[in-house]
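Numbering starts at 1 and runs along the sequence shown. Read the numbers this way: they start at 1 and go in the same order the structure lists the ligands and their atoms.
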Amino acid sequence: MKVIGHRIGGNLVSDESSRFGDVFNPATGEVESKVALASISDVDKAVNAAKKALPEWSETPPIQRARILFKYKQLIEENIDELADLVGREHGKTLADAKGSVVRGLEVVEFACGIPHLLKGEFTEQVGTGVDSFSIRQPVGIAAGITPFNFPAMVPLWMYPIAIACGNTFILKPSERDPSCPIRLTELLEEAGAPAGVLNLVNGDKEAVNAILDHPDISAVSFVGSTPVAKHVYSRGSLSGKRVQALGGAKNHMVIMPDADLDQAVDALMGAAYGSAGERCMAISVAVAVGDVGDRLIEKIAPKVSSLKVGPWDDPEAEMGPIVTKESLDRITTLIGEGEKAGADLIVDGRNLKLQGYENGNFIGGTLFDNVKPGMSIYDQEIFGPVLSTVRVPDYKQALDLVKSNPYGNGVSIFTRDGDSARDFASKANIGMVGINIPIPVPVAYHSFGGWKDSLFGSNNAHGMDGVRFYTKIKTISSRWPSGIKEGALFTMPLMK
Ligand code: NAD
């Protein structure tokens, strides 16, 4: 059976791991390969490779680093079908969706190609007589990224292109569920001309994560995953003196006002709730029906949910694929059962879906609940599956209160024709990314991505200028030349004159 190893210092390393995990094809339920699970010493080797590459890489002019990224962009484009297939085969999402996710990651590479401009500093002439001041951004050193299963291409691409463009070297620890695409992306960067050790990849589980968090030579950690692990990463990484950005889970609401274009809202909800089988941190999992819109909404959406086309990743007709693992599928079906027991109305039940030829696959159909209330586990927990809960509220104020009192704060959207309520909502929602008649308001690469509340720990978002800020330290230099004023020895606070 194929064994997926680590990529350290430009070499494939797999023989020293004593632990391995299974990598499944979620459509067939079969183990397709084994993945090495890194030990503390494997992480140490990756750190040594990153350390060795750091002095030369950090001194390479930004324009030369950018040229490698331009080549990388071209290689990703040339290999996009293979990359999308690797995503779909191990994650389960459809090829079209997988390809879209690679393209959204590629946009961050395109952003990072502008690094000479992005790293430009600030200069002030004459802050005092004959004294100039300038601030520059320098790399933090060795950075690491820990990423979730649901975007094996896009989320790693949020991180290392910017980190290495800034002059850092990097260690990626992708999800052990779907490691093949990240490994291929690492190889392509080497092919593009990145010196060995600039980007290293260790596969693994919590042992590798904790080794990264404790390692004294790693200066910055980017994490994307569930909230409990994000909290752990943030506190343990900070404790060992690192800067940490840890993006967590979500429970994203879509508020549908009575005046919304209902056809538009229903189409938007279908894609946002059931695309990628709901395994997106920006998926909409709660529809908030305001005033009298509830009955009309359920009437329009229920038949569409019932007729969702579910299939394997390579079925061009499929609108959504299987769930990543049997454990995730069990969690989702258990939560559906709990929702029913708690008294929510199960309008469409996706359990028991069987696909001919894929009887052992992790398939579930689209599921729709009405009359869901806070306090029910289907409302309170992140289901991360194709389950949409409808909550009915009498007016806009209660919709806003519901959104505001949710502990998560990743994304939210409002569907309305009324500019006043849209503007008020965008201003008052305590959520990091807001859509107005846009169901999944994922910012483009040159803006930054991040939630509020339990959806992000740390002060920097992912990518955009926040990415550049996270992966660099500011240094401010004040200079005077001998022709300037000579003040003699100063024993008081220096004041600029
Ligand atoms: P996860 O938290 O289980 O795993 C994420 C990473 O952490 C993986 O690399 C995994 O190996 C590691 N990990 C898992 N358990 C650990 C532990 N106990 N200690 C240390 N490391 C551990 O998340 P997942 O299931 O892979 O991904 C789904 C979650 O990610 C969802 O909650 C989703 O909302 C979230 N997510 C958030 C964003 C965002 O931008 N906020 C984006 C994508 C996914």
### Query
What atoms of ligand 1 come within less than 4.0 Å of a heavy atom belonging to E176?
10 (C), 11 (O)
### Query
Quick one: side chain to side chain contact (heavy atoms under 4.5 Å, CB included) partners of S448, sequence neighbours excluded?
N461, D466
### Query
Okay, side chain of N252, backbone of V412: is any donor-acceptor separation there less than 3.5 Å?
no
### Task
Consider ligand 1: state whether an atom of it lies below 4.0 angstrom from any non-hydrogen atom of Y408.
no
### Query
Considering only the protein, which heavy-atom contact is closest to atom 43 (C) of ligand 1, and what is its distance?
N150 OD1, 3.3 Å
### Heavy atom of the protein closest to atom 34 (O) of ligand 1 (residue, atom name, distance)
E382 OE2, 2.6 Å
### Task
For atom 17 (C) of ligand 1, find the nearest protein heavy atom and state the residue, atom name and distance (0.1 Å precision).
K206 CB, 3.6 Å
### Query
Within a distance of under 4.0 Å, is there any protein heavy atom near atom 15 (N) of ligand 1?
yes
### Message
Checking the side chain of H253 only, and the main-chain atoms of V403 only, is there a donor and an acceptor separated by less than 3.5 Å?
### Response
no
### Query
Any side-chain donor-acceptor pair under 3.5 Å between N168 and W57?
no
### Closest protein heavy atom (residue, atom, distance) for atom 39 (C) of ligand 1
C281 SG, 3.3 Å
### Numbered atoms and elements of ligand 1 in range of N410, under 4.0 angstrom, heavy atoms
41 (N)
### Query
Of S175, G249, G225, which has the heavy atom at the shortest distance from atom 35 (C) of ligand 1?
G225
### Task
Give the residue and atom name of whichever protein heavy atom lies nearest to atom 24 (P) of ligand 1, and the separation in Å to one decimal.
F149 CD2, 3.5 Å
### Query
How many angstroms lie between atom CZ of F425 and atom CD1 of I436, to the nearest 0.5 angstrom?
9.0 Å
### Task
Check ligand 1 against F449 and write out every atom of the ligand that is under 4.0 Å from a heavy-atom position of the residue.
39 (C), 40 (O)
### Message
Which label fits Y72 and Y160: parallel for a plane angle under 30°, tilted from 30 to 60°, or perpendicular past 60°?
### Response
tilted
### Query
In terms of residue, atom name and distance, what is the protein heavy atom nearest to atom 12 (C) of ligand 1?
V209 CG2, 4.0 Å
### Query
Any donor-acceptor pair under 3.5 Å linking the side chain of N410 with the backbone of A250?
no
### Query
Between the main-chain N or O of H447 and the side-chain N or O of H463, is there a donor-acceptor pair closer than 3.5 Å?
yes
### Query
Just by distance, with hydrogens left out, do N25 and E32 show a side-chain donor and acceptor under 3.5 Å apart?
yes
### Task
Identify, by atom number and element, the atoms of ligand 1 in contact range of I146, meaning under 4.0 Å from any of its heavy atoms.
6 (C), 7 (O), 9 (O)
### Query
Under 3.5 Å, N or O to N or O, is K173 touching ligand 1 that way?
yes
### Query
At what distance is the nearest protein heavy atom to atom 1 (P) of ligand 1, and which residue and atom is it?
S226 OG, 3.7 Å
### Task
Check ligand 1 against W158 and write out every atom of the ligand that is under 4.0 Å from a heavy-atom position of the residue.
40 (O)
### Message
Classify the ring geometry of F457 against Y234: parallel below 30°, tilted from 30° to 60°, perpendicular beyond 60°.
### Response
tilted
### Task
Heavy-atom distances under 4.0 Å are what count here, so tell me which part of T147 touches ligand 1: side chain, backbone, both or neither.
backbone
### For V229, atoms of ligand 1 separated by under 4.0 Å from a heavy atom
2 (O), 7 (O), 13 (N), 15 (N), 16 (C), 20 (C), 21 (N), 22 (C)
### Query
Which protein non-hydrogen atom lies closest to atom 37 (C) of ligand 1, naming both residue and atom, and how far is it?
G248 O, 3.1 Å
### Message
The test is side chain to side chain donor-acceptor pair (under 3.5 Å); show your working for K251 and N406 and say whether it passes.
### Response
CA-CA 8 Å; K251 193 80 187 174; N406 198 278; over 6 Å; no
### Message
When you measure from the side chain of N79 to the backbone of L75, do you find a donor-acceptor pair of N or O atoms at a distance under 3.5 Å?
### Response
yes
### Query
Hey, which atoms in ligand 1 end up nearer than 4.0 Å to a heavy atom of F384?
28 (C), 31 (C), 33 (C), 34 (O)
